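One is the number of the first residue; the rest follow in order along the sequence. Below, each value reflects all heavy atoms present in this structure, side chains not excepted, and no hydrogens, waters or symmetry copies. Only a predicted model underlies this, so the values are computations on that prediction, with no experimental measurement involved.
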Amino acid sequence: MRSLASLVQFILGFTLALIILAGGSVAAALYFVTKLTALPARPSFTNDQPAVTATAGENSQGGGTSQGSGNAPAALPANAYRAKVIWPDGLILRDRPGYEANSIGGLDFNAQVVVLETSSDKEWEKVRIEGSGQDGWIKGGNTERLN
């Protein structure tokens, strides 16, 4: 009888050890999977700062010289209009229209720009970043006209 109790105790102890070992392994695996699948932080580049600063500054000022009175649209070039970026991930600013063009900066979501022209195929828009005056090309259809 004593040997039967010892055998049952050994089997229960061994089973409990396997359950603890399996549970710890699953917890460690889930931890590492979570860490490896998390998206990295969005990079920031030095040439992104003027667009972010200008947008924040103009929104907080409201009555600045570029947007103050009703004559602000007259300061825009012919056929140009103000717009904001509606693509959630932001946009790449390029030196010419086309995917093979060099990247010269980026625009954050809701950044305000002046759309200067649109390519003949309507695929690309030439924009000027408000505040910094930097011109570049972005993929068309990713901006919304502001009134």
Side-chain angles (χ1 to χ4, degrees), residues 4-68 72-73 75-147:
L4 182 61
S6 297
L7 181 63
V8 170
Q9 192 177 16
F10 173 76
I11 292 172
L12 283 175
F14 187 74
T15 306
L16 185 60
L18 287 177
I19 290 171
I20 291 172
L21 186 62
S25 299
V26 168
L30 287 174
Y31 172 79
F32 285 115
V33 166
T34 303
K35 287 295 182 182
L36 293 174
T37 57
L39 293 175
R42 184 180 176 138
S44 62
F45 302 99
T46 55
N47 57 355
D48 288 344
Q49 297 307 320
V52 174
T53 304
T55 302
E58 289 178 8
N59 286 343
S60 64
Q61 292 173 353
T65 56
S66 64
Q67 292 180 322
L76 294 176
N79 298 324
Y81 59 90
R82 284 188 169 75
K84 70 176 183 175
V85 175
I86 59 171
W87 187 254
D89 295 331
L91 297 172
I92 298 173
L93 192 65
R94 301 175 187 270
D95 61 353
R96 63 185 188 281
Y99 290 110
E100 69 286 343
N102 295 324
S103 173
I104 57 173
L107 296 169
D108 286 332
F109 175 67
N110 277 338
Q112 291 190 8
V113 296
V114 175
V115 178
L116 301 172
E117 66 179 279
T118 305
S119 64
S120 58
D121 59 1
K122 307 284 188 222
E123 291 289 318
W124 297 91
E125 294 175 342
K126 185 173 185 179
V127 297
R128 177 173 295 142
I129 300 172
E130 289 191 350
S132 72
Q134 182 180 15
D135 291 356
W137 292 86
I138 59 171
K139 183 74 173 113
N142 295 311
T143 59
E144 179 179 90
R145 188 179 194 136
L146 299 174
N147 292 333

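Glu117 is not listed as a side-chain neighbour of Asn79, based on a closest heavy-atom distance of 4.5 Å or more. A 4.5 Å side-chain heavy-atom check between Arg128 and Gln134 finds every atom pair outside the cut-off. In this structure, Trp124 and Arg96 have side chains that are not in contact, with every pair of non-hydrogen atoms separated by 4.5 Å or more.
A donor-acceptor pair under 3.5 Å is absent between the side-chain atoms of Asn142 and the main chain of Trp87, judged by distance alone.
For Thr118, the side chain to side chain donor-acceptor pair (under 3.5 Å) test picks out no residue, with sequence neighbours left out. Here Asp89 pairs with nothing under the salt bridge (charged side-chain N to carboxylate O under 4.0 Å, His left out) rule; sequence neighbours left out.
The minimum heavy-atom distance linking Tyr99 with Lys139 is given by the pair OH-CE, 2.9 Å. Across all their heavy atoms, Val127 and Ile138 have their closest contact at CG1-CD1, 3.7 Å. For the residue pair Val113 and Ile129, the shortest heavy atom distance occurs at CG1-CA, 4.5 Å. Across all non-hydrogen atoms, the minimal contact from Gly141 to Glu125 is N-OE2, 4.0 Å. Closest heavy-atom contact between Thr143 and Ala83: CB-CB, 3.9 Å. Counting all heavy atoms, side chain and backbone alike, Asp135 lies closest to Ile104 at O-CD1, 3.5 Å.
Among residues at least two apart or in separate chains, there is no salt bridge (Lys or Arg N to Asp or Glu O under 4.0 Å) pair with a member in residues 10-31.
For Glu100, the CD atom counts as densely surrounded, since its 6.0 Å shell holds more than 12 non-hydrogen atoms of other residues, nucleotides or ligands.
In this structure, Phe10 CZ and Thr15 OG1 are separated by 9.0 Å, a value rounded to the nearest 0.5 Å. Atom CG of Leu30 is separated from atom OG of Ser25 by 11.0 Å, given to the nearest 0.5 angstrom. If you take CG on Leu146 and CZ on Arg82, they are separated by 8.5 Å, rounding to the nearest 0.5 Å. Rounding to the nearest 0.5 Å gives a distance of 9.0 Å between CG of Asn110 and CD of Glu144. Distance check: Trp137 CH2 to Asn102 CG gives 15.0 Å after rounding to the nearest 0.5 Å.
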